[in-house]
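Structure record follows, encoded as structure tokens.
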Amino acid sequence: MLKALFPTLARVRFVVQLLMLLLLVYGSAIVGHYAAEKISGELPALSCAYDQQNAGYCILIPTQHQIHHRIGQGIVMAQKVTFGVFVPLIMTVLTFFAFFFVLGKMFCGWVCPLGTLQEWIGKIGRRFGIGLRRFEKGDLGDVKRVRPVKWVLLLGLVFLLPLLAGLGVAPHSLGNPYCDICPSRIATTLLTGNTEQLAVSTDDNISFTLNAIADLLIGFTLVGALAVRQPFCRICPLLSFNALFQRLSPMRLVKTKHAACDKCSICTESCPMDIKEISEQSGRKAYHEDCTLCGRCAEYCPQDGVITLKWGPFKLFSSSREYYKNKVKRELPDGTVKPVKIVKNAATPNPADA
Amino acid sequence: MNRRIAIFALAALAGPVLAQHDHSSQQMQASSMPFGEEWTHQPLLLPRPMRNGSRNAAVLRPRGLDVSEVVVYASGGPSEKRQVAYPVTLEGAAIATAGPMVGNYHWVVARQEDENEVRVASTVWYFSNPGPAPTEMLLMPKHELEIVPQPLPREHGSYRESEKWSFLIRWQGQPLANQALTLETDSGTRTRTTTGADGIATVLFPRDIAPTGGDAGEHAGHGPRRVKFVLSTERNAEGKRYLTAFNTTYSPDPDRERSLGWGAAFGLIGMVAALPLLRRRTATADFSENKNA
Ligand code: SF4
Ligand code: SF4
Ligand code: SF4
């Protein structure tokens, strides 16, 4: 029975993502209306605080606010840097970590509403035969070129500008600049039928510009996701924030060396983040900063036990030839669902050869 | 590829340029002097503007009633801190949050009683102090005739023009059906609604805020402008008149300060900018093309 309902890891993940999307976007009816009743104010996923019906807020909003008000303005008031100004932020990060410890970066691959939306749009793209575009040489360019952007956004918009605004160096309207450009704010509020966040603030030029960027980003993401997997995730500052802590959670991806890897790379093809390292490397380097722990690579690795999702000593899912054979009958590594007629080409390994 | 980047960059750059339109209407102006409250005769608890706005202290001044203390109710904390009386001086009542983790929302009551009348002013005050939700604190009976928000706006939110909010009217702790509730706003609106069988009245906040009305929000120029309103209800019982008021602020409808047209336009530009990504049709054909290139 369970096996019929959840034949693959992907199906389990789909159901989890669906439930998480419903909970995080509409869950106030279950958890409650006030901040104290939310699951957490520091979630490691873009569950937006601007969504009035949500069940929890993402970590980036308290981080920006505390750097702005408690650290920046705290330093101005005390005329010096004291330990006290950091306490609220430390508490916030500790609460975040209580959640992150359990699921690690699965918050991206399994929980985040914006991650889920992008993935589902991608599924629609595959269904309608829209060509998959990849970050690789010869297509959209080397994936390494986009990777630094998420760090720049984290450092600049989540840490630095709120601090400068708090210190009075930057204008007050740069107090939470990441939220102002965040596409999840637009997407999740639109999902609740609220167009207030899509509307750009005409308060001042800075807010207008930042809000306009958010709208450009969500427009670009929604259409781009038809062809590129997880287009926004690649530059998401929460991906880099989570990456700061990814080695501290017992939840991780473990890849062992295997002779077949040199000629295979099917895991990279299946990876929504185009992570080359998962096929080229093993051990620590294979669990990359961009990984969202979606587990697709483990599903598509045709070698027994080479890629494993683990929580501490416990194996949650491990690659196997048997599983792989069934999996490719349903869906190709690039996400194409009806594979049979168009499979044969150099890039997509023939399941029968594996 | 470069062309796509160029389109996107162009779209992003268009923002600041297009934003050069007139924002002069955003100049903040206080609509009325803090204590020249001509707009209502109801008893009020009004905040004194604080020079160095502290997160954990405020001064509230009773108006329209003569009281020696105000009582502040918190959502959590030890029982002796859930209900604290503060003396009223010439300045007003200097209230504070009673300790850590008692909750953000505090309910404040000033009650005056003589032979003929019981007058109550009540308001809600937000201290940045995480702790329990105010649900239970609101449900706890505090005096005879009460106006209880069901619920309060979520933290960092506010009552806003064109929104409907529910208020419970209670008499001696029990819901009071068919009771009139009057809304008066600093912008000059006066409306009346009546409670249903469950004691709940639904209040529609009027769209009546003048373009430059209200006081600047939490921080000047940041956060919505705020305009005062008061809800009041009265009842005669046991030979006495009971008058209860609840006052706080509401804010302009956000769409006055936001442009949906521009928002939709930028969203569409973003979508168009992504279109070149979809150009190639079938996944596998393209893929082999790339590989062979
Ligand atoms: S706008 Fe984005 S970063 Fe800010 S609270 Fe919402 S989801 Fe989080
Ligand atoms: S990387 Fe993607 S899945 Fe992770 S938080 Fe950002 S948008 Fe969500
Ligand atoms: S490396 Fe594997 S688990 Fe990580 S994002 Fe890629 S496919 Fe998902």
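Chain letters run A, B, ... following the sequence lines, proteins first, then strands; residues in each count from 1. The analysis underlying the following values was restricted to heavy atoms, covering all of them including side chains, and did not include hydrogens, waters or symmetry mates.
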**Report entry** Options B:Ala265, B:Ser75, B:Pro254, B:Ala264, ranked by heavy-atom pairs under 4.5 Å with chain A, top entry
**Finding:**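 Winner by heavy-atom pair count: B:Pro254.
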
Query - For chain A, the option from B:Gly267, B:Pro132, B:Ser259 that forms the most heavy-atom pairs under 4.5 Å - result: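 Result: the option with the highest number of such pairs is B:Ser259.
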
Report task. Could you check which of A:Glu37, A:Gln197, A:Gln52 has the highest count of heavy-atom pairs closer than 4.5 Å to chain B? Result ->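 Winner by heavy-atom pair count: A:Gln52.
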
**Report entry** Within-4.5 Å side-chain heavy-atom neighbours: A:Arg70 and B:Ser128
**Finding:**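 Contact flag for A:Arg70/B:Ser128 side chains = yes.
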
Query raised in the report: Within the side chain of A:His33, is there an N or O that forms a donor-acceptor pair under 3.5 Å with the backbone of B:Leu152?
Result: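 Flag set: sc A:His33 to bb B:Leu152 pair under 3.5 Å.
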
Query raised in the report: Where the side chain of A:Ser201 meets the backbone of B:Arg258, is there a donor-acceptor pair that is under 3.5 Å apart?
Result: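 No; judged by distance alone, with no hydrogens or angles, the pair does not exist.
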
Query raised in the report: Looking only at heavy atoms, which two atoms of B:Ala274 and A:Phe220 are closest? And how far apart?
Result: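 Smallest interatomic distance, heavy atoms only, reads CB-O, 3.5 Å.
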
**Report entry** Spacing of B:Phe266 atom CZ and A:Thr209 atom OG1 [to the nearest 0.5 Å]
**Finding:**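 Interatomic distance, B:Phe266 CZ to A:Thr209 OG1, rounded to 0.5 Å: 8.0 Å.
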
**Report entry** Rounded distance [0.5 Å steps], CZ in B:Arg279 versus CZ in A:Arg133
**Finding:**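 It is 6.5 Å, given to the nearest 0.5 Å.
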
Query raised in the report: Any Lys/Arg nitrogen of A:Glu196 or B:Arg160 sitting under 4.0 Å from an Asp/Glu carboxylate oxygen of the other?
Result: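 Here A:Glu196 pairs with B:Arg160 in a salt bridge, since their nearest N and O are under 4.0 Å apart.
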
Query raised in the report: Between A:Lys38 and B:Glu155, does a salt bridge (charged side-chain N to carboxylate O under 4.0 Å, His left out) hold up when you go through it step by step?
Result: CA-CA 12 Å; A:Lys38 303 297 176 191; B:Glu155 287 86 343; over 6 Å; no

Query - B:Met140, CE atom: more than 12 neighbouring heavy atoms under 6.0 Å - result: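 Yes, enclosed.
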
**Report entry** Region of B:Pro134 that comes under 4.5 Å of a non-hydrogen atom in chain A
**Finding:**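 Both parts, backbone and side chain.
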
Query - Result of checking B:Val272, B:Leu278, B:Leu277 against A:Val223 for side-chain contact (heavy atoms from CB on, under 4.5 Å) - result: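 Filter result, single survivor: B:Leu278.
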
Query raised in the report: Side chain, backbone, both or neither: which part of A:Leu198 has a heavy atom under 4.5 Å from chain B?
Result: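 Both backbone and side chain.
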
